[in-house]
Amino acid sequence: MTFLNEVTARYPNALSFAPGRPTEEHFDVRSVHRHLERFCDHLSRDLGHGPAEVNRTLCQYGRTSGIVHDLIARHLEVDEGMQVDPESIVVTVGCQEAMFLTLRSLRRDERDVVLAVAPTYVGLTGAARLVDLPVVPVASGATGIDLTDLAAKLRLVRERGLRPRGCYVVPDFANPSGLRMDLATRRALLDLAAREGILLLEDNPYGMFHDGSGRLPTLKALDTDRTVVYLGSFAKTVLPGARVGYLIADQRVRDAQGRVGGFAEQLSRIKSMVTVNTSPVSQAVIGGALLENDFSLARGTVRERQSYQRNLAHLLRGLESRFQRCPDVSWNTPHGGFFVVVSVPFAADDELLERSGQEFGVLWTPMSHFYDGKEGRNQLRLSCSSLSDEQLEEGLNRLAALFADRGVDPC
Ligand SMILES: Cc1ncc(COP(=O)(O)O)c(C=O)c1O
């Protein structure tokens with residue numbers, strides 16, 4: 001990521017398909033003030049807190065597991081049909097901290113490993129590296145996870161005397177692949193994980209942003225065996241600047257001293273030593289946004305969803321019109337989210353990215369960054385979330401010029 005940030009900084013005038021950032025079209029700092037007010041009103045009007053208590057809730061150090069856990073539980077019920085005990089929720093500093101805490105707790109000694117669908121979101125691989133937990137890649141196939149490969153990898157890992165502790169998946173419009181798991185795959189994955197005794201770490205920042213084809217139930221909504229730890233983010237549904245995410249960990253676990261308790265409690269104890277608590281001011285902003293939308297972010301993000309749907313359709317149409325007759329160029333057709341993966345007949349590596357920025361004024365992400373081996377060398381990830389129509393059009397023209405320079409005949 002550092003390299004990509006550096007490239008972006010070197011070519012500030014380049015059009016960039018690289019960052020998976022939400023659109024800034026609807027950012028409005030006044031809504032931050034409004035949400036804060038709304039949350040404070042909720043504390044005083046709905047919960048009967050006096051002014052001193054309201055001040056303390058927002059200005060003082062706070063509860064480690066968070067202060068908007070009950071509001072998040074209501075949002076999960078309204079938008080995801082999930083019945084979640086608020087006590088099993090830990091509010092975190094972005095989804096990134098939720099990943100870190102979960103991986104840290106799964107890593108007891110050098111025999112532990114985590115599996116992850118490859119290509120893998122770099123935030124997960126980075127956090128795993130920090131806690132010294134090896135990541136074993138599982139093929140994604142066409143359905144978002146190749147279950148035969150998952151079973152084979154679990155066997156292989158165990159034969160080597162290692163302990164597979166969990167498998168990380170992004171079932172909805174994954175970053176970077178854009179793939180969505182179908183319902184049958186979700187059910188089969190849950191069965192397999194329960195049989196094998198591994199946790200599924202379900203990360204879901206893009207689920208709201210379907211292309212009009214509707215949503216599928218999350219793994220957690222289908223989870224009857226407490227197999228899933230759910231990792232949530234408000235970065236794409238409210239605002240990334242608040243840095244608020246959460247996890248749901250409703251499992252019972254034994255800690256290092258042999259005490260049995262809630263997994264959320266255990267993760268909260270780790271959090272108390274990492275970030276102490278998530279900023280109550282930031283949580284109040286998110287809480288206010290949930291209250292303002294009657295807990296439905298599906299309703300609260302209609303404009304964003306439509307904008308991403310439009311951009312994704314524009315990007316796919318643009319690829320079609322430029323490369324449909326190029327037999328060596330292909331791409332997938334995601335049903336939502338921010339990302340499309342393009343396969344090309346040349347190495348789409350860091351060196352080419354540098355040239356692409358310098359000579360063609362267009363940036364993208366080499367897919368090799370999402371693998372730990374040689375895979376992805378001929379693929380690039382295009383993100384369409386934060387570009388205007390004109391930028392998308394011009395960016396695609398520049399991309400076509402780069403491809404032509406690499407020997408791809410325009411059609
Ligand atoms: C798959 C995935 N998980 C998590 C995140 C980060 O979430 P947060 O900003 O809440 O830490 C991202 C952000 O790009 C992502 O793509």
Side-chain angles (χ1 to χ4, degrees), residues 1-2 4-5 8 16-24 27 66 68 72 75 89-104 114 116-128 130 135 138 140 144-145 166-181 200-209 218-220 228-248 267 271 274-275 278-279 282-283 285-286 289-290 297 301 304 308 312 334 336-341 365 367 369-371 381-386:
M1 291 325 281
T2 314
L4 292 177
N5 290 338
T8 307
S16 184
F17 290 100
R21 289 174 168 214
T23 172
E24 296 178 6
F27 283 173
V68 291
I72 293 174
H75 149 62
I89 294 175
V90 180
V91 187
T92 53
V93 180
C95 177
Q96 187 62 32
E97 190 194 17
M99 277 188 260
F100 178 84
L101 299 177
T102 310
L103 295 178
R104 180 65 197 86
V114 68
V117 171
T120 315
Y121 172 55
V122 289
L124 186 281
T125 36
L130 270 186
V135 179
V138 175
S140 73
I145 187 163
C167 180
Y168 170 80
V169 290
V170 188
D172 290 284
F173 321 125
N175 180 4
S177 71
L179 290 176
R180 167 162 72 175
M181 285 182 198
L200 294 174
L201 314 184
E202 177 180 28
D203 184 4
N204 185 21
Y206 305 105
M208 295 282 174
F209 306 120
T218 63
L219 291 175
K220 190 66 193 160
V228 179
V229 173
Y230 187 85
L231 309 167
S233 171
F234 293 108
K236 313 295 189 299
T237 49
V238 184
L239 76 160
R243 300 304 302 131
V244 178
Y246 62 96
L247 59 84
I248 309 170
L267 294 170
K271 178 176 171 65
V274 182
T275 54
T278 302
S279 156
S282 287
Q283 291 187 70
V285 173
I286 301 300
L290 292 174
L297 293 181
T301 55
E304 286 81 355
Y308 299 138
L312 184 60
F338 293 7
F339 310 108
V340 172
V341 175
T365 309
M367 278 295 288
H369 287 256
F370 303 101
Y371 291 97
R381 186 194 77 174
L382 300 182
S383 169
C384 59
S385 51
S386 55

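Keep in mind the model is a prediction, meaning the values are calculated, not measured. Whatever order the structure lists them in is the order used to number ligands and atoms, beginning at 1.
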Relative to the heavy atoms of Asn175, which atoms of ligand 1 are at a distance of less than 4.0 Å?
1 (C), 15 (C), 16 (O)
For atom 5 (C) of ligand 1, closest protein heavy-atom neighbour:
Tyr121 OH, 3.3 Å
With atoms numbered from 1 as shown, which atoms in ligand 1 lie under 4.0 angstrom from a non-hydrogen atom of Gly94?
10 (O), 11 (O)
Output the list of atoms in ligand 1 that are nearer than 4.0 Å to some heavy atom of Arg243, sorted by atom number.
8 (P), 9 (O), 10 (O), 11 (O)
Which of the numbered atoms in ligand 1 are below 4.0 angstrom from a heavy atom of Tyr168?
1 (C)
Measure across Ser233 and Pro205 and return the closest heavy-atom pair with its distance rounded to 0.1 Å.
CB-CB, 4.2 Å
Out of curiosity, is Gly245 lining ligand 1, as in a heavy atom under 4.0 Å away?
no
Measure the spacing between OG of Ser140 and CG of Leu179 and express it to the nearest 0.5 Å.
5.0 Å
For Pro205, counting its heavy atoms only, list the atoms of ligand 1 lying under 4.0 Å from any of them.
1 (C), 2 (C), 3 (N), 15 (C)
Taking the side chain as every heavy atom from C-beta outward, state whether Leu200 and Cys167 have any atom pair closer than 4.5 Å.
yes
Contact summary for Thr237 and Met208, nearest pair of heavy atoms
CG2-CG, 3.8 Å
Any side-chain heavy atom of Val117 within less than 4.5 Å of one from Val170?
no
Going by heavy atoms, is Tyr246 under 4.0 Å from ligand 1?
no
Between Gln96 and Ala127, what is the shortest heavy-atom contact and its length?
NE2-CB, 3.9 Å
Out of Lys236, Glu97, Arg21, Gln96, who is nearest to atom 14 (O) of ligand 1 when you count heavy atoms only?
Lys236
So, for Phe338 and Tyr308, is the gap between ring centers shorter than 6.0 Å?
yes
Heavy-atom contacts with Cys95 under 4.0 Å: which atoms of ligand 1 show up? List them by number with element.
4 (C), 7 (O), 8 (P), 10 (O), 11 (O)
Please verify whether a non-hydrogen atom of Tyr206 lies at under 4.0 Å from ligand 1.
yes
Looking at Pro22 and Lys236, what are the two nearest heavy atoms and their distance?
CD-CD, 4.0 Å
Atom 1 (C) of ligand 1: the protein heavy-atom neighbour that sits closest, reported with distance to 0.1 Å
Asp203 OD2, 3.3 Å
In terms of heavy-atom contacts, Thr365 and Leu4 come closest through CG2-CD1, 3.6 Å
Atoms of ligand 1, numbered as shown, that sit under 4.0 Å from any heavy atom of Met99
4 (C)
